[in-house]
Chemist: 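Structure in structure tokens, see below.
Just so it is clear: chains get the letters A, B, ... in the order the sequence lines come, proteins before strands, and each one is counted from 1.
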There are 4 protein chains.
Amino acid sequence: MKKNKPKYKQIIDAAVVVIAENGYHASQVSKIAKKAGVADGTIYLYFKNKEDILVSVFEEKMGQFIEEIEKGISDKQTANDKLLTLIMLHFRQLADNHHLATVTQLELRQSDPQLRLKINKVLKPYLLVIDSIIKEGIEGSSFRDNLNTQLVRQMIFGTLDETVTNWVMKERKYDLVAQAEDVHALLINGLSVS
Amino acid sequence: MKKNKPKYKQIIDAAVVVIAENGYHASQVSKIAKKAGVADGTIYLYFKNKEDILVSVFEEKMGQFIEEIEKGISDKQTANDKLLTLIMLHFRQLADNHHLATVTQLELRQSDPQLRLKINKVLKPYLLVIDSIIKEGIEGSSFRDNLNTQLVRQMIFGTLDETVTNWVMKERKYDLVAQAEDVHALLINGLSVS
Amino acid sequence: MKKNKPKYKQIIDAAVVVIAENGYHASQVSKIAKKAGVADGTIYLYFKNKEDILVSVFEEKMGQFIEEIEKGISDKQTANDKLLTLIMLHFRQLADNHHLATVTQLELRQSDPQLRLKINKVLKPYLLVIDSIIKEGIEGSSFRDNLNTQLVRQMIFGTLDETVTNWVMKERKYDLVAQAEDVHALLINGLSVS
Amino acid sequence: MKKNKPKYKQIIDAAVVVIAENGYHASQVSKIAKKAGVADGTIYLYFKNKEDILVSVFEEKMGQFIEEIEKGISDKQTANDKLLTLIMLHFRQLADNHHLATVTQLELRQSDPQLRLKINKVLKPYLLVIDSIIKEGIEGSSFRDNLNTQLVRQMIFGTLDETVTNWVMKERKYDLVAQAEDVHALLINGLSVS
DNA sequence: TATGAATGAGGATTCATTCAT
DNA sequence: TATGAATGAATCCTCATTCAT
């Protein structure tokens with residue numbers, strides 16, 4: 001399995017840094033190879049093409065990202081707690097790895113729609129985690145029972161994504177994780193008074 | 001004023017269609033010129049460069065987009081009604097012009113961060129409209145008074161944006177406008193039961 | 001006759017200044033038109049094409065240049081005096097009009113060989129003036145009688161040209177006209193001692 | 001060292017021929033690549049850009065040119081002999097390689113002043129060789145001791161350059177090398193009788 | 001004569017990918 | 001496995017010239 005060889009990981013890690021530092025368009029394969037300490041041609045022993053590097057970066061990093069979140073919510077008892085934990089871990093992980101944050105929130109969006117489809121596939125498990133929390137909330141009667149799961153998922157993910165993107169675009173000048181509780185309250189209670 | 005000349009509008013409209021059909025990267029200037037029925041060089045009498053076409057597309061279309069929404073909410077009495085109207089018009093306008101929807105939700109995101117900054121500037125007035133609704137809601141006591149306006153704006157915009165993007169990515173197979181009321185209810189009431 | 005109309009001269013004079021200031025390649029027809037205070041299209045009522053402007057500039061300016069020299073040497077009695085006068089006037093005229101000097105010594109050399117042929121045709125009368133001085137010098141026994149006129153002409157013109165070019169390239173930091181007598185002495189006496 | 005690799009020399013030689021045959025402006029990089037038998041992109045592994053090809057052509061060829069002359073004059077005893085040898089070798093080398101002659105006398109002059117500066121730098125060693133002959137001539141009392149070295153150098157170089165240019169422009173219809181002795185005599189003795 | 005908006009041909013350069021070693 | 005020299009496709013923009021007014 002190629003994914004366990006050291007050079008595979010070297011290249012993935014080099015790619016995250018190179019893309020974050022140089023931006024998507026200025027991240028030539030040769031630059032990634034240099035950062036990874038391998039020859040240009042070696043890249044193609046581990047990845048089909050440049051797009052495959054990007055998708056793999058996302059797969060690897062999002063895999064860990066989601067795993068971390070799944071682990072974090074597993075011992076929470078209520079949907080409410082799980083949602084709060086998900087938000088906190090979502091924010092914390094990106095706050096802790098700002099290279100990755102830049103890549104996921106800005107640089108990877110520059111890829112073409114075809115690549116975006118693949119990226120969405122990688123994102124799917126995360127959306128399923130969100131769905132499961134929604135379902136649990138409804139069944140446990142902490143959430144209303146007339147909720148449209150798809151819409152709710154879009155609200156949750158859209159809100160988190162927009163919040164992180166704003167934070168990255170404003171050059172991470174404030175504490176992202178500190179906003180987790182407020183975001184959670186907002187999603188739970190909505191805007192209305194009562 | 002160049003913006004009122006017919007060729008300016010021809011080129012803008014051609015650009016929307018060409019970008020929607022071919023994608024951002026495959027939209028050569030020559031292709032846009034051909035679609036617009038002008039010579040390649042003519043483009044440069046109206047636009048500084050290729051990027052300027054894209055920014056201008058966004059300016060023109062978002063200008064109309066926002067104007068439409070401002071007009072629509074102007075005769076609504078409550079923040080609640082205004083928010084619902086904003087959501088409906090946001091969805092309706094993109095549903096009615098799916099070329100534009102594709103461009104704003106997918107293709108334009110491929111632009112580099114520098115261009116994104118310009119696009120964000122164009123988006124600013126829209127965010128201000130959202131802010132004014134939030135403020136009105138708080139002052140009119142329909143919304144809670146401890147809301148963080150920035151977070152609320154991110155929730156509203158993030159939710160709408162994610163909802164439209166999903167609809168575009170799923171090839172517009174369902175009725176976007178029909179979801180407006182549910183999205184509105186979700187934002188107003190949140191997830192919780194009471 | 002177009003050449004006597006005011007706009008013809010306006011365009012010629014504008015061209016000299018524009019080429020001297022911007023260099024040959026950056027001297028667009030539109031820039032010359034603007035400087036001359038006419039529309040782009042008007043240029044083509046007076047000149048066949050851009051090359052024709054350049055050739056005409058040279059014709060006009062060299063015509064005056066040569067005329068001035070012919071006038072200056074007409075009342076000199078000896079070939080020696082005539083040669084000295086030619087050198088002085090050659091240097092003086094270019095020193096007095098540094099725009100023209102820049103154009104003739106640097107910018108016009110960038111033209112393609114085909115254009116250079118036309119320019120050489122304009123230069124012909126000047127070379128004939130030099131030839132006539134040589135002939136007079138030989139017949140009057142001030143110059144040796146075994147001189148090859150073509151070579152002598154090349155030496156005289158080559159020396160003057162190289163001297164002016166050097167002066168222009170060194171940004172005209174020294175007095176060109178002051179070198180006339182030394183150059184003359186050099187051409188007359190050569191390098192040898194006796 | 002790239003300059004010793006075979007492709008470097010292939011490209012240089014191809015460039016000389018392509019420029020001589022097509023002229024400076026019609027010498028596209030792709031044409032040079034084709035003539036050299038390499039891909040367009042390969043050019044850029046050896047040269048920074050198109051201008052760099054031209055400067056390198058001049059460097060390579062002038063390097064050999066000057067070396068040849070320095071070698072030729074090294075065993076001549078007098079300044080007179082050295083000057084004659086320099087003239088003969090100058091003429092001979094360009095007569096023997098008429099592609100190079102066309103490039104140096106006509107095509108390369110079309111370059112813009114910025115490039116001309118670089119070319120002048122390459123020419124500098126040649127001018128120094130001329131200067132050293134002048135100095136030797138003065139010190140050895142074969143040349144007058146009141147000579148202005150700069151002017152003499154300009155006379156010598158200007159005369160040789162103009163002579164070669166004329167020969168090229170007259171399509172090399174006569175024997176250039178045969179004129180070396182006459183040119184030499186002219187420079188040594190000047191025009192005057194005694 | 002004069003205008004100036006419109007035309008459209010033309011070329012240097014980058015960089016993902018290959019393949020002989 | 002690993003290398004890195006070589007490949008070659010692909011595109012934005014300028015500007016001399018035209019022509020309807």
Chemist: With nearest nucleotide decided by heavy atoms, which residue, D/S27 or B/K7, maps closer to the 5′ end of DNA chain E?
Modeler: B/K7
Chemist: Contacts to DNA chain E from residues 11-22 of chain C, heavy-atom cutoff under 4.0 Å, which residues?
Modeler: none
Chemist: Salt-bridge test for B/K3 and B/E59: reply yes if a basic N is under 4.0 Å from a carboxylate O, no otherwise.
Modeler: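 Yes, B/K3 and B/E59 are salt-bridged.
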Chemist: Please indicate whether A/K34 has more than 12 foreign heavy atoms, meaning atoms of other residues, nucleotides or ligands, lying under 6.0 Å from its NZ.
Modeler: no
Chemist: Run the side chain to side chain contact (heavy atoms under 4.5 Å, CB included) test on C/L94 and C/Q105 for me, step by step, so that the C-alpha distance in whole Å, both residues' side-chain angles and the decisive distance to 0.1 Å come before the verdict.
Modeler: CA-CA 10 Å; C/L94 292 173; C/Q105 304 306 123; 4.0 Å; yes
Chemist: Mind calculating the distance between CD (B/Q28) and C1' (F/dA10) to the nearest angstrom?
Modeler: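 So the two atoms are 9 Å apart, to the nearest Å.
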Chemist: Apply side chain to side chain contact (heavy atoms under 4.5 Å, CB included) to B/K121 and B/K124, showing your working.
Modeler: CA-CA 5 Å; B/K121 209 171 280 174; B/K124 197 73 198 285; 5.6 Å; no
Chemist: At a heavy-atom distance below 4.0 Å, which nucleotide of DNA chain E is the first touched by chain B, and which is the last?
Modeler: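 The footprint of chain B covers E/dA6 to E/dG8.
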Chemist: Evaluate whether atom CD of D/E67 has more than 12 neighbouring non-hydrogen atoms of other residues, nucleotides or ligands under 6.0 angstrom away.
Modeler: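 Open: at most 12 neighbouring heavy atoms sit under 6.0 Å from CD of D/E67.
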Chemist: By nearest heavy atom, map D/S30 and B/V38 onto DNA chain E; which one lands nearer the 5' end?
Modeler: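 Per heavy-atom nearest nucleotide, the more 5' residue is B/V38.
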Chemist: Kindly determine whether B/L108 and B/R116 satisfy side chain to side chain contact (heavy atoms under 4.5 Å, CB included), including the steps that lead there.
Modeler: CA-CA 8 Å; B/L108 232 45; B/R116 205 100 45 87; over 6 Å; no
Chemist: For D/A14 and D/I32, work out which heavy atoms get closest and say how close.
Modeler: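 Closest approach of D/A14 to D/I32: CB-O, 3.7 Å.
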Chemist: Look at the rings of B/F47 and B/Y8 and say which category their plane angle falls in: under 30° parallel, 30 to 60° tilted, over 60° perpendicular.
Modeler: parallel
Chemist: Can you sort out which residues in residues 45-57 of chain B have a heavy atom within less than 4.0 Å of DNA chain E? Ascending by number, please.
Modeler: B/L45, B/Y46
Chemist: If you assign each of C/Y44 and A/D40 to its closest nucleotide in DNA chain F, which residue comes earlier from the 5' end?
Modeler: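 Result: A/D40.
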Chemist: Closest-nucleotide mapping onto DNA chain F: is A/G37 or D/G41 further toward the 5' terminus? I mean the 5' end.
Modeler: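 The answer here is A/G37.
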Chemist: Do we get A/K50 above A/Y24's six-membered ring, with its NZ or CZ under 6.0 Å from the centre and within 45° of the axis?
Modeler: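 That pair qualifies as a cation-pi contact.
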Chemist: DNA chain F: stems of at least 3 consecutive Watson-Crick or G-U pairs, cut-off 3.5 Å?
Modeler: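 DNA chain F stems, ordered by first number: E:2-21 with F:2-21.
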Chemist: Looking at B/K118 and B/D52, is there a salt bridge between them, counting it only when a charged N and a carboxylate O are closer than 4.0 Å?
Modeler: no
Chemist: Under the side chain to side chain contact (heavy atoms under 4.5 Å, CB included) rule, collect the residues that match up with B/Y44, sequence neighbours excluded.
Modeler: B/V29
Chemist: Mind checking salt bridge (charged side-chain N to carboxylate O under 4.0 Å, His left out) for A/R109 and listing every partner two or more places apart, or none if nothing turns up?
Modeler: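 For A/R109 the salt bridge (charged side-chain N to carboxylate O under 4.0 Å, His left out) partners, ignoring immediate neighbours, are A/D161.
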Chemist: Indicate yes or no: does B/K61 engage B/D13 in a salt bridge with an N to O separation below 4.0 Å.
Modeler: yes
